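Here the structure is laid out as structure tokens; the discussion comes afterwards.
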Amino acid sequence: MHDQLTFQDPVTRFPDISPPKQDQPEPGLDVELIPGTDRGEHSYRGTGRLEGRRALITGADSGIGSAVAIAFAREGADVALAYLPAEEDDARHVCEVIRAAGGKAVALPGDLSDAKYCQQVVHDAADGLGGLDALVNNAGRQIAVEDIEDLSDEQWGNTFDTNIRAMFRVAKTAVGYLPAGATIVNSTSVQAYSPSTHLLDYASTKAAINNFTKGLATQLAPRGIRVNAVAPGPIWTPLQVSDGQPKEALPHFGKNTPLGRAGQPTELAPAYVFLTSTESSYVLGETLNVNGGQPSP
Ligand code: NAD
Ligand code: MG
């Protein structure tokens with residue numbers, strides 16, 4: 001298989017998939033996703049861009065977070081992985097790939113809607129890695145609801161707790177550890193600008209994440225801590241089959257992008273590597289769109 005540095009046509013680099021209708025309870029698992037995804041196990045080639053870095057990545061068991069964890073390890077970083085206890089099978093696989101790359105993998109299962117875990121996971125990551133100089137706030141939940149009258153107060157609260165409130169809590173604790181030169185990268189979404197009608201709560205959290213990223217970047221700049229965001233478009237991950245999309249939408253997932261296909265998780269990894277590596281030292285408060293060509297602000 002070609003690595004990410006080989007000259008390739010982006011239209012055909014990955015197949016144009018038409019996922020069958022399928023359902024998984026929340027959170028979904030990569031091991032049960034049809035078709036499977038590319039998280040870079042066989043294709044991501046490191047070039048020493050994160051040598052010696054110590055990173056906490058939330059939602060690192062699957063999808064985009066797992067591709068970022070694998071890429072960070074191949075670039076020379078040690079990684080602490082936060083994920084839900086139900087995702088142990090996915091997390092074990094990613095830990096194995098990290099260790100095979102020569103990196104340290106620290107597994108820290110827990111629920112980010114719990115304020116105590118948001119703090120504890122940071123302390124445990126710093127303990128396990130001997131310090132912390134990179135944070136990737138990537139965990140998120142997405143549950144499609146077609147009509148505002150069916151969108152419960154409870155769901156609205158849960159989505160905000162997981163997607164943006166936990167991001168604030170984790171970042172707040174992490175800042176106590178992060179030295180000058182450290183970075184925070186937050187996962188937002190194209191939904192921040194182009195909200196789907198069935199994702200009112202989710203899309204609102206993603207707009208909040210963009211704003212939080214710019215504000216925090218400005219605040220932490222004098223301390224030498226850089227904060228940025230990555231905004232993925234339609235990426236084939238377990239999020240989409242655990243009620244993230246209406247079932248009838250799955251076979252068409254990602255086909256409306258200019259590239260005409262859904263993205264694979266490993267296509268996101270270089271954006272997170274760039275924003276974490278010192279090569280982006282003059283990039284702050286930026287949202288890097290990785291969305292198959294959908295015009296974005
Ligand atoms: P994913 O399901 O593989 O990853 C999401 C992860 O979030 C889960 O693996 C889980 O570990 C974590 N998570 C969810 N609720 C949690 C909780 N209460 N406590 C702890 N962890 C929790 O799906 P993904 O698509 O890779 O999502 C990663 C990020 O990318 C999310 O923030 C998502 O909003 C964002 N994103 C995804 C897409 C896409 O098309 N897949 C598009 C734009 C943005
Ligand atoms: Mg998962």
Side-chain angles (χ1 to χ4, degrees), residues 19 24-33 37 39 56-69 81-94 107-118 120-121 136-144 157-167 169-170 185-196 199 201-210 229-245 249-250 253-254 257 262-269 271-272 287-292 294 296:
Q24 290 192 40
E26 192 196 356
L29 291 179
D30 258 328
V31 288
E32 288 171 16
L33 201 58
T37 70
R39 286 155 274 162
L56 168 61
I57 304 174
T58 66
D61 58 295
S62 61
I64 295 165
S66 63
V68 173
L81 303 88
Y83 55 90
L84 285 162
E87 299 174 307
E88 197 58 50
D89 285 354
D90 278 351
R92 198 172 306 125
H93 166 71
V94 181
L108 301 171
D111 188 339
L112 286 167
S113 62
D114 170 4
K116 281 208 187 72
Y117 172 73
C118 289
Q120 198 57 48
V121 73
V136 177
N137 280 312
N138 166 74
R141 75 191 292 270
Q142 172 186 322
I143 307 290
N158 286 343
T159 305
F160 271 73
D161 278 353
T162 305
N163 293 12
I164 177 73
R165 200 170 184 189
M167 186 175 283
R169 287 168 166 161
V170 170
V185 183
N186 300 323
S187 291
T188 175
S189 171
V190 66
Q191 290 287 328
Y193 327 108
S194 306
S196 295
L199 295 176
D201 52 338
Y202 174 85
S204 300
T205 66
K206 294 299 172 179
I209 289 167
N210 268 348
V230 174
I235 312 303
W236 183 233
T237 72
L239 195 77
Q240 308 301 347
V241 301
S242 47
D243 290 333
Q245 297 292 339
L250 289 178
F253 184 68
T257 60
Q264 290 292 328
T266 193
E267 295 184 277
L268 274 292
Y272 291 81
T287 298
L288 185 39
N289 296 284
V290 185
N291 66 23
Q294 299 165 87
S296 317

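Predicted, not measured: the structure shown is a model, and the values here were computed from it. Remember, it's 1-based here, ligands and their atoms both numbered in the order they're listed.
Proximity of Lys206 to ligand 1, defined as any heavy-atom pair under 4.0 Å, is confined to the side chain (atoms from C-beta onward). Counting heavy atoms under 4.0 Å from ligand 1, residue Gln240 touches it through the side chain alone. Contacts between Thr237 and ligand 1 below 4.0 angstrom, taking non-hydrogen atoms only, involve the side chain exclusively. At a 4.0 Å heavy-atom cut-off, ligand 1 touches Asp61 through the side chain alone.
Listed by atom number, the atoms of ligand 1 under 4.0 Å from Asp111 heavy atoms are 17 (C), 18 (N), 19 (N). Within the listing of ligand 1, atoms 28 (C), 29 (C), 30 (O), 31 (C), 32 (O) sit less than 4.0 angstrom from a heavy atom of Asn138. Near Tyr83, meaning under 4.0 Å from one of its heavy atoms, ligand 1 places the atoms 11 (O).
Gly263 does not count as a contact of ligand 1, since none of its heavy atoms falls under 4.0 Å from the ligand. Under the 4.0 angstrom criterion for non-hydrogen atoms, Glu87 is in contact with ligand 1. Residue Gly110 places a heavy atom under 4.0 Å from ligand 1. In this structure, Pro238 is part of the shell of residues with a heavy atom less than 4.0 angstrom from ligand 1. Heavy-atom distances between Pro27 and ligand 1 stay at or above 4.0 Å for every pair.
Below 3.5 Å of separation, one finds an N or O of Gly233 facing an N or O of ligand 1. Polar contact with ligand 1: absent for Gly59 (N/O pair, distance under 3.5 Å).
Residues passing the ring pair (Phe, Tyr, Trp, His ring centres under 6.0 Å) test with Phe160 are Trp156, sequence neighbours excluded. Legend: residues meeting side chain to side chain contact (heavy atoms under 4.5 Å, CB included) with Ile143, ordered by chain and number and at least two apart, are Glu26, Arg141, Gln155, Asp243.
Given atom 2 (O) of ligand 1, the protein heavy atom at minimum distance is Leu239 N, 3.5 Å. When hydrogens are left out, the protein atom nearest atom 5 (C) of ligand 1 is Gly140 O, 3.7 Å; that is the closest non-hydrogen contact. Nearest protein heavy-atom neighbour of atom 26 (O) of ligand 1: Ile64 N, 2.7 Å. When only non-hydrogen protein atoms are considered, atom 44 (C) of ligand 1 lies nearest to Thr188 O, 3.1 Å. Nearest protein heavy-atom neighbour of atom 3 (O) of ligand 1: Ser62 OG, 2.5 Å. For atom 13 (N) of ligand 1, the closest heavy atom belonging to the protein is Ala139 CB, 3.8 Å. In terms of protein heavy atoms, atom 35 (C) of ligand 1 is closest to Tyr202 OH, 3.8 Å.
Only protein N, O or S atoms were considered, and those under 2.8 Å from the Mg ion (ligand 2) are Asp61 OD2, Ser62 OG, Glu87 OE2.
Residues in residues 59-69 take part in no salt bridge (charged side-chain N to carboxylate O under 4.0 Å, His left out) pair, two or more places apart or across chains.
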